[in-house]
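The structure displayed is predicted, hence computed values, not measured ones. Below, all heavy atoms of this structure are taken into account, side chains as well, without hydrogens, waters or symmetry copies. Whatever order the structure lists them in is the order used to number ligands and atoms, beginning at 1.
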Amino acid sequence: MAGESLIPVLEKRKLNMAVTTPVDGKLFTLEQELAFEHERNPWEAQAARFDLAARKLNLDEGIWKVLRYPTREIIVHIPVQMDNGSIEVFTGYRVQHSQARGPAKGGIRYSPDVSLDEVRALASWMTWKCAVVNIPFGGAKGGVICDPRNMSQGELERMTRRYTAELIEFIGPEKDVPAPDMNTNEQTMAWIMDTYSMHMRQTSTAVVTGKPVNIGGSRGRKEATGRGISVCCDEALKHLGLTVEGCRVIIQGFGNVGSNAAKILYHKGYTIIGIAEFDGALVNLDGIDIPGLIEHRAKAGTINGFAKAEACDRAELLTRECEILIPAATENVITSRNAADLRCRILCEGANGPTTTLADDMLEAKGIFVIPDILANAGGVTASYFEWVQDRMGYFWTELEVNQRLDAIMCDSFKDVVSYGDTHKVNNRIAAYMLAIDRVAYTTKQRGMYA
Ligand code: GLU
């Protein structure tokens, strides 16, 4: 199943390129590069943690096999008429890992880096994430290989609608419920909802979550992942006997997750000393004015050039001293190549899969308190669950109701994971996997194998 991500290194070998590659000023041999490709394969990372947790749970061998692989993997080739009249064909995926606990649930991402192994891993993570916060969903993920930054709104709309049409019999409120992820948003969800509704000949709002509020979206959904992260930070400080006062935070990523986490933490009194984005990074040891930065970014289109902070190196920022480091962008940000240099007390994983398995061991040796992705960023899918419930009832809650229910679930889940880890003498990541796998395995066994 793996292998796809090896292509870049194998290509280099075929092309007889240099056997060493400079990364951050260091040189690596081709063998080291090959090992690094494996380290960064999200599917391998997911499977390694799954195997470890399953072994510790003494999981039944048959159930192990059932839960280790996705139940369905759909590959579609999406023809799109581009604005200049030419036709482009995009490859898209939807992987459904499990529907044991309810309809499959998970976002759709648009990126040139999407691969089947990545979508597989993300789909499995959704199963574990929904089980950690104990909401009645399985896990799925979708992705389309494209470069949304270089596509017009019209091209994105046509691609989204055709992708939806290709998946029409596999998605639905009781089957598989997509949501936003990297480079997709409320508008993307509105197009999916509309396309699905047109095919069904009825308005079907509960087919996706993360929609605009006026067409069945939930209040508080957009901020929910950031809000969940802030609750995890509050709980981690309490657990470690630290206070919000003087708590320095560095956030990598200033998209929907990172910027909302920054805003909420700022208003709770945390000192955000650093923000890193794909095109630059900022630091201010006295604390960055986050509302000011959000305003600047809205005008300038970038965080760069913000007057009340200094520009700094993106990679170096991650290794600065702070209480909480929040990777909130993409996979493989903390690897065997920088984990030893980290100087945070708490690593709160806003992104999915930001830490590699090799880095896990290094962080544990350093005593860093990790709030694993399948707990830390579960606020988003929890609010998605609220949206799905509201759509099916046709009755909508106030933002306060959404936030109160979200805070309660995040707080309880944090405590569940930490106490599970204490009881079983495992770190937080393995505790979260064990808790989740145990819940999914129980339901899978209870439903039995349909032959
Ligand atoms: N894409 C988000 C995640 O990775 C949200 C998924 C959802 O709401 O279904 O958790």
Heteroatom distance test (Pro180, ligand 1): nitrogen or oxygen, under 3.5 angstrom: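 Yes - when backbone and side-chain N and O of Pro180 are compared with those of ligand 1, one distance drops under 3.5 Å.
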Has ligand 1 got any nitrogen or oxygen that is less than 3.5 angstrom from a nitrogen or oxygen of Asn352?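 It does: an N or O of Asn352 is found under 3.5 Å from an N or O of ligand 1.
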Residue pair Asn41 / Asp117, side-chain donor-acceptor N/O under 3.5 Å: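 The answer is yes; a qualifying pair exists.
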Pair [X] + [Y], salt bridge at N-O below 4.0 Å:
| X | Y | result |
| --- | --- | --- |
| Asp373 | Lys129 | no |
| Glu364 | Arg429 | no |
| Asp412 | Lys415 | no |
| Arg248 | Glu323 | yes |
| Glu331 | Arg40 | no |

How does [X] reach ligand 1, if at all, at less than 4.0 Å between non-hydrogen atoms: by side chain, backbone, both, or neither?
| X | result |
| --- | --- |
| Thr225 | neither |
| Met182 | neither |
| Ala383 | neither |

Looking only at protein heavy atoms, which one is nearest to [atom], and how far off is it?
| atom | result |
| --- | --- |
| atom 1 (N) of ligand 1 | Asp181 OD1, 2.8 Å |
| atom 8 (O) of ligand 1 | Ser384 OG, 2.5 Å |
| atom 7 (C) of ligand 1 | Ala179 CB, 3.3 Å |
| atom 5 (C) of ligand 1 | Arg221 NH2, 3.5 Å |
| atom 9 (O) of ligand 1 | Lys105 NZ, 2.8 Å |

is_close_aromatic(His97, Trp128), centroid dist under 6.0 Å: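 Between His97 and Trp128, the centre distance is under 6.0 Å.
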Under 4.0 Å from a heavy atom of [X]: which atoms of ligand 1 are those, numbered in the order shown and with their elements?
| X | answer |
| --- | --- |
| Lys141 | 1 (N), 3 (C), 4 (O) |
| Lys129 | 3 (C), 4 (O), 10 (O) |
| Gly106 | 9 (O) |
| Met126 | 3 (C), 4 (O), 6 (C), 10 (O) |

Check the angle between the aromatic planes of Tyr420 and His424 and answer parallel, tilted or perpendicular using the 30° and 60° thresholds.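 Tyr420 vs His424 ring planes: parallel.
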Other residues, nucleotides and ligands only: do more than 12 of their heavy atoms fall within 6.0 Å of CZ on Phe170?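 Yes.
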Heavy-atom contact under 4.0 Å between Arg109 and ligand 1?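 Flag not set, Arg109 not near ligand 1.
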Where is the tightest heavy-atom contact between Gly172 and Val177, given as atom of each residue plus distance?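 Closest approach of Gly172 to Val177: O-CG2, 3.7 Å.
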